[in-house]
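Before I ask anything, let me first share the structure, which is written out below as C-alpha cells.
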Amino acid sequence: MSMSLRTSLWRAKASLSSQARVLFRLYSSQREKPVEKRYTDTILLPKTNFQARITGKKRVEMDKYLQDKCGFSELYNWQRANLEGPDFVLHDGPPYANGDPHMGHTINKVLKDITIRSKVIKGQRVHYVPGWDCHGLPIELKALTSAKKRVSELTPMQIRAQARKFAEDAVNKQRQVFSSWGVMADWKDNGCYFTNTVAYIVNQLNQFYNLYEKNLVYRDFKPVHWSPSSRTALAEAELEYRDNHQSKCATVRLPIVELPSKLAAFQGKSIFGLTWTTTPWTLVANQALAYSLDADYCLAEDDEGNLYILAVELLEKNIEKIGQLNVVTTFSGNDLAGAKYSHPITGITLPFLPGDHVNTEQGTGLVHTAPAHGQEDFLVALENSIPVLSLVDEEGKYTAEAGSDFHGLKVLEQGTDAVIARINKNILHTETISHSYPYDWRTKKPIIVRASHQWFIDTNSIKDQAMKCIENVNIYPAQHRTSWTNALLTQLKQRPYWCISRQRVWGTPIPVLYYKDTGKIFITKEWIERLCELLEKYGPDCWWELPVEKLLGKRLCAELNLSGSEFRKGDDILDIWFDSGISWSAVLPEKKANLYMEGMDQFTGWFQSSLLTSVALQDCAPYQDLFVHGFAVDEKNNKMSKSLGNVVDPEEIVKGGKDMNKKPAYGVDVLRWWVANHGTQHTLVPMKNSLLQGSADTVHKLRLVFRFLLGALHTYDENKNITVEPQYHYLDKYMLHQLYHYHQEIQSLYEKYQYHNVSKTVVNFITNDVSAVYCHMIKDRIYCEKIDSPYRLGALDVIGEILSITTRSIAPILPHLAEEVWLHHPENLASVPIFHTQHRSLESWNNLEYKEIIEKALDLRSEINKLTSQNTWLSKATVKANSQDFKLLSSLHKDETSSLSELCDICQVSSITLLQDDSCDHMNVSLEDIKGQLCKRCRRHPEPAPEEICDRCTEVLNDA
C-alpha cells in the first residue's frame, strides 16, 4: 500500500532492510524449504554485475571511475549544447580563495549542484558559472604570513605577487575538490570567474564610474568600522561579535558653563552634566552632550552640594553607583536647549544637542558624543554642522593633536586608563562590564569606530527601492521566509551608508586621481577608458607600477589640457563586497539570476551588496529567489573552528582517514545524502557520526533495491525471439499510478528546494511501494512463469519504468549511484550517461480506480497477516465483505472460490472464497490450513501429489 510522508521513516527503513535482501533471494524467510537443486536452473533468478556493496579504497576508485566514464566533467557543456532553454540561472556566490575546502563549502556547493542537476535531469538547460573571490584582506594576511616579513618591508608589488600566488593555489585546490564532489560545471579557467582577472576588473571600474555618474558614489570623512590590527576599514560582514568582551566604563561629570533659561535660578551653583561611557578613551574627542527631547530630566544634589543633570528614570540606577542624590527640580528635555559645558580635558565650551538615539534604558540620559567614533554621534554633528574631530590614526593610536599626555598611546590598550587618570577628579564611578563587541574576523582583535576619508555608496538614495524589490523576491526555505525577509529588510533600514574603500594593496584600485594642491577628485569617462586599456595591455599591477604621467598618457593629457605632475594616485582599493556584489553584471547573461543560494551570513554580505549595486545600476534585484542555508556545527552545536579542534574534513569523509577502520571512506554520495537531508531546513547543520553512518546505511539499502531491479531485467531471451505483447495485472497498473504520483511529487519538491523531503519521499516510496509491495508480490511471476508469459513481461515493463524514474529521482542527490545503476542497465549497451537521457511518466498511468482496488486488497492482506505467523501460502481464506468492498475485491477475484486469482497473489494465500455480506462493517476473514505440501519448484501452489510439482510449473517445464 502506498504510504504518505506521514508514514514513520523507521518503518520504511525496517521494511527496506528486510525486503531488499529478500528480493535478491528466491524466497522470503517465511518459506519452509528451499527450492530443490534439481529445479534451481529452471528459475529465472535476478542476475547482474552491479555489486551489492563497495567500500574502502574501492569506493574511492569507483567514484573516480564513474566521473571519468560517465562524463561528469563534460556534462555542463553537454547540456548547454543539447538542452533547450529558457536557462535556469544559478549565480555562484564566490568563496574566498584563502584555504582548503571545509564543511561549509560542502553544504553550499552540493546544494547548488543538486539544484542544477534537478533541472538538467528533467531536460532544462542551466547557466552556472563557479567563481572565486580572489581579493581582500583575508588573502593578503595569509600571503603576508607566508612571506614571513613585516608589511613595511614589502613593496606593494611584492605583496600583490604573494597574494596572487596564494589565491591561485587556493583556487586550484578548491576547484579540484569541488569537481571531485561531482559538482557540475565547466571547471576550466574560461568556464569560471575570478574577481582578480583583467576582464572582471575592467567591468568593475566601469560600473564604479556608472555609480559615480549617478551621484551614488562619493568620498567623505565619516566614522567607519576600523581595524587597527589590519589598518583598514571593515564592512559589517567582516566583523565577529564576541559576547564576553570586557570594557571599563566610567560615569563622568562635565562642568556646566552656561545654564538653559529653565535653570537660570541656579546660576553660580556647582552644576554638572552627568554622562556614562563604555569607551572612556573617546572622551578626548568629545564634541557635545546629547539629550532626548522626549525624556524628563532632573537637577539632583549630592551630599557636598554639587548639582547633577540626569534623566529622572535613571536616577535610582546612578544613586547605586555614585551615592545619594536628592531631586531639586525636574524639567523636560526641551528645556536643555542652549546649555553648554566644559570639555573634560581641554576646557573648551561645547553644546548640549538633541539626539534621536538617546534613551533612558541605561546610562544617565546624557550621551557623550564623539562624532569621529560613532555613527549616531556623527549624524548629530552632521545635523548641527559641527566639523568632525579625529585624533586617532590608522594604527589605533592617538595623534599629536590629542595632546602630549596621549600622543602615541594605543586607544584600546593604554587609552582608557590614561584618560581616567587625566580627569580623575571628574570620574565618579568606574566598572567593568562584559558585553558584545566587534572584532576583526581575520586578526581576531577588537576594532574601533574611527572617522577617516573613505568612499561611500549613498544607500539612503536607493534603500527604499531596494526594500520594494525584496517584496518580489521568494526566500527559501519557506518556513523561514518571514524571518529571513525581515532580517534582510532590517539590515537595509539600519545601513546609513556603505563604505566601499579599503586601505590595502591586494584588490581593485579605486580609479581616481587627486589634485595635489587641493585634494579634489579627478575622474572622467575618458580616464576610465584609458585605464581599462592599460589594464588589458599590462595587467592590474600597472596601477602600482606606472607613474601618474604614464597612466594618463600624453594623448589624454593633451585632450583634457592636463599635466600628470599635478596629480597623485589614490591609495584605496575597493571593498571585496563591492568586488563580489557587482558580479551579476559580469557573469549573468541577462544581468539577473533565478536563484542565489548561500549561507545566512550573506544577509550582511553578498545578498545585500548584490542587491544594492543592482538596484543602483538597473533598478531591480539581481535575483528572483534566495535560498538561505545554515552553518555546519559539531555534535554539541558548536561552530566548527580550528581553535576548538572540532573541524571535520569533508575529504576525509569521502576518502577515509589513514586508518579506514576508524575513519572509513564513505564516498561522495554519502556526503551528498547528508547535505540533502540536513542542509536545507536547519540554521545549524549537525555533522555527527551517527547521521553520517545513517546516511551510509540508507544509500546502501537503496543500492540493494536497485540491484534487484537491475537483476530482474536480466535478458534471459537472447536466443529467443519473443513476440508476445505484455499484459498487465491490476497490481502493475496500480504501481504505474503510484509511480506517476511519485514522479510528480519529486519534481514539485525539487522545484521548492525541499531536498530533505525529496530524500524522505525517495526512501518511503522505494521501501514501501517498490520493495515491500510490488517487488515482493511479483517474485513468483518473474521467477517461475514462462519466460514469454505476457503477465511476466508486463511486470518487467513496470520494473523498467520504476528503474527509469526512481534512478532519475535520486540522480541530482546521488549522481554516482544513479550513473552506476544506469551503466548496468541491460538495455544501455552504449553506456550512455543517465543525464544524457530523457524519460517521462505518462498521464495514462494516473488512474485512481487501480489505487482504490489494490489498496483494498492490501487491507485484506494485512488482515490475513494478523491471523497467522506461518507461511500464508499454506492457508486458504474465506472472506466476507460488504457490497462496496466486495465490488472492489471482485475486480481481482472473478470466481467465488479461486486459487489463481490476482487477489490470491496479492494476499499470498493458496485460495480465497469471496462472499458478499452486507452485515459486515469491514472485511471478515477466516483461515484454514491447506492439505498437502507446496510445489518444490515455486513454493507457491500446492503439489497435486507427493513428489510432484504444481500444474503451473509442470506446464512451464514441459514448454521449456
Main-chain N/O of Ile802 paired to Tyr742 side chain as donor or acceptor, under 3.5 Å:
no
Verify the ring-centre separation between Trp674 and Tyr666: is it less than 6.0 angstrom?
no
Under 6.0 Å from the CG atom of Asp659, do we count more than 12 heavy atoms belonging to anything else shown?
yes
Report yes or no: is the cationic atom of Arg703 (NZ for Lys, CZ for Arg) closer than 6.0 Å to the six-membered ring centre of Phe50, at no more than 45° off its axis?
yes
Within-4.5 Å side-chain heavy-atom neighbours: Val798 and Tyr734:
no
I would like to know whether Met660 and Lys57 meet side-chain contact (heavy atoms from CB on, under 4.5 Å); could you show each step before the answer?
CA-CA 9 Å; Met660 285 200 179; Lys57 291 183 178 179; 3.8 Å; yes
Decide yes or no for Thr55 and Pro664: does some side-chain heavy atom of the first lie under 4.5 Å from some side-chain heavy atom of the second?
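No; the side chains remain at least 4.5 Å from each other.
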Can a salt bridge be assigned to the pair Arg840 and Glu801 using a cut-off of 4.0 Å between side-chain N and carboxylate O?
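Result for this pair is no, no salt bridge flagged.
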Before giving the answer on side-chain hydrogen bond (donor to acceptor under 3.5 Å, both in side chains), spell out for Asp63 and His816 the whole-Å C-alpha distance, their side-chain angles and the decisive distance to 0.1 Å.
CA-CA 7 Å; Asp63 285 345; His816 298 80; 4.6 Å; no
Of the non-hydrogen atoms in Phe835 and Pro812, which two are nearest, and what is the gap between them?
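Here Phe835 and Pro812 meet closest at CZ-N, 4.2 Å.
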Gap between atom OG of Ser841 and atom CD of Gln747 - 0.5 Å precision:
8.0 Å
Using a strict 4.0 Å threshold on nitrogen-to-oxygen distance, state whether Arg781 and Asp732 make a salt bridge.
yes
Ignoring hydrogens, what is the shortest heavy-atom contact between Ile799 and Ala712? Give both atom names and the distance.
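Result for this residue pair: CD1-CB, 3.7 Å.
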Without swapping roles, check the side chain of Asp87 against the backbone of Val89 for a donor-acceptor pair under 3.5 Å.
no
side-chain contact (heavy atoms from CB on, under 4.5 Å) evaluation trace for Lys119 with Glu751
CA-CA 9 Å; Lys119 304 298 180 182; Glu751 288 293 328; 3.1 Å; yes
Taking the side chain as every heavy atom from C-beta outward, state whether Leu626 and Gln602 have any atom pair closer than 4.5 Å.
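No, too far: nothing below the 4.5 Å cut-off.
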Any residue meeting side chain to side chain donor-acceptor pair (under 3.5 Å) with His743, in chain and number order, not counting sequence neighbours
none
Apply ring-ring contact (aromatic ring centres under 6.0 Å, His included) to the pair His824 and Phe706, showing each step before the final yes or no.
CA-CA 10 Å; His824 286 82; Phe706 283 119; over 10 Å; no
What I want to find out is whether Lys69 reaches Glu819 closely enough, with some N-O distance under 4.0 Å, to be called a salt bridge.
no
Counting C-beta onward and ignoring hydrogens, is there a side-chain heavy-atom pair between Lys64 and Glu61 closer than 4.5 Å?
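They are not in side-chain contact.
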Are Tyr193 and His91 near enough that their ring centres are under 6.0 Å apart?
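Ring centroids of Tyr193 and His91 are less than 6.0 Å from each other.
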Would you call Ser583 and Tyr200 a side-chain contact if the rule is heavy atoms closer than 4.5 Å?
yes
I'd like to know if the side chain of Asp697 pairs up with that of Gln693 as donor and acceptor (distance under 3.5 Å, no hydrogens or angles considered).
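Looking only at side-chain atoms, Gln693 and Asp697 do form a donor-acceptor pair, the distance falling under 3.5 Å.
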Test: Arg117 cationic atom under 6.0 Å from Phe72 six-membered ring centre, within 45° of axis
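Positive - Arg117 is close enough to the ring of Phe72 and near enough to its axis.
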Hey, does Ile782 have a side-chain heavy atom less than 4.5 Å from the side chain of Leu44?
no
Any Lys/Arg nitrogen of Lys173 or Asp169 sitting under 4.0 Å from an Asp/Glu carboxylate oxygen of the other?
no
Quick check: are there more than 12 heavy atoms from other residues, nucleotides or ligands sitting under 6.0 Å from CD of Glu84?
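Count not over threshold, so no.
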Under the criterion side-chain contact (heavy atoms from CB on, under 4.5 Å), I'd like the reasoning laid out for Ser759 against Ile813: C-alpha separation, chi angles, the key distance, then a yes or no.
CA-CA 8 Å; Ser759 302; Ile813 299 173; 3.8 Å; yes
Which pair of non-hydrogen atoms, one from Pro46 and one from Tyr783, has the smallest distance, and what is that distance?
CD-CE2, 3.6 Å
Option among Val821, Val762, Val699 that satisfies the side-chain contact (heavy atoms from CB on, under 4.5 Å) test with Leu814:
Val699
If every non-hydrogen atom of Pro130 is compared with every non-hydrogen atom of Asp92, which pair is closest and at what distance?
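Closest pair (atom of Pro130, atom of Asp92, distance): CA-OD2, 3.2 Å.
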Does any pair with a residue in residues 678-691 pass side chain to side chain donor-acceptor pair (under 3.5 Å), and if so which ones, sequence neighbours excluded?
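Every side chain to side chain donor-acceptor pair (under 3.5 Å) pair that includes a residue of residues 678-691, provided the two are not neighbours, is Thr680-His756.
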Minimum side-chain heavy-atom gap Tyr753-Leu595 below 4.5 Å
yes
With a 4.5 Å limit on heavy-atom distance, are the side chains of Tyr76 and Val120 in contact?
no
Salt bridge flag under 4.0 Å for residues Asp113 and Arg672
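Result for this pair is yes, salt bridge flagged.
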When you look at Asp625 and Met597, which way does the side-chain contact (heavy atoms from CB on, under 4.5 Å) test go after all the steps?
CA-CA 8 Å; Asp625 294 346; Met597 177 178 271; over 6 Å; no
What orientation do Trp132 and Phe194 show, parallel under 30°, tilted 30 to 60°, or perpendicular over 60°?
parallel
Ignoring hydrogens, what is the shortest heavy-atom contact between Asp186 and Cys192? Give both atom names and the distance.
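Looking at all heavy atoms of both residues, the shortest contact is O-SG, 3.5 Å.
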Under 4.0 Å between a Lys/Arg side-chain N and an Asp/Glu carboxylate O for Glu598 and Lys112?
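Yes, Glu598 and Lys112 are salt-bridged.
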Please evaluate residues Trp606 and Tyr596 with respect to the criterion ring-ring contact (aromatic ring centres under 6.0 Å, His included), reporting the C-alpha separation (whole Å), side-chain torsions for both, the decisive distance (0.1 Å), and the verdict.
CA-CA 9 Å; Trp606 194 55; Tyr596 276 34; 4.2 Å; yes
What I want to find out is whether Asp189 reaches Arg175 closely enough, with some N-O distance under 4.0 Å, to be called a salt bridge.
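Looking at Arg175 together with Asp189, the answer is yes, because their closest N to O distance falls below 4.0 Å.
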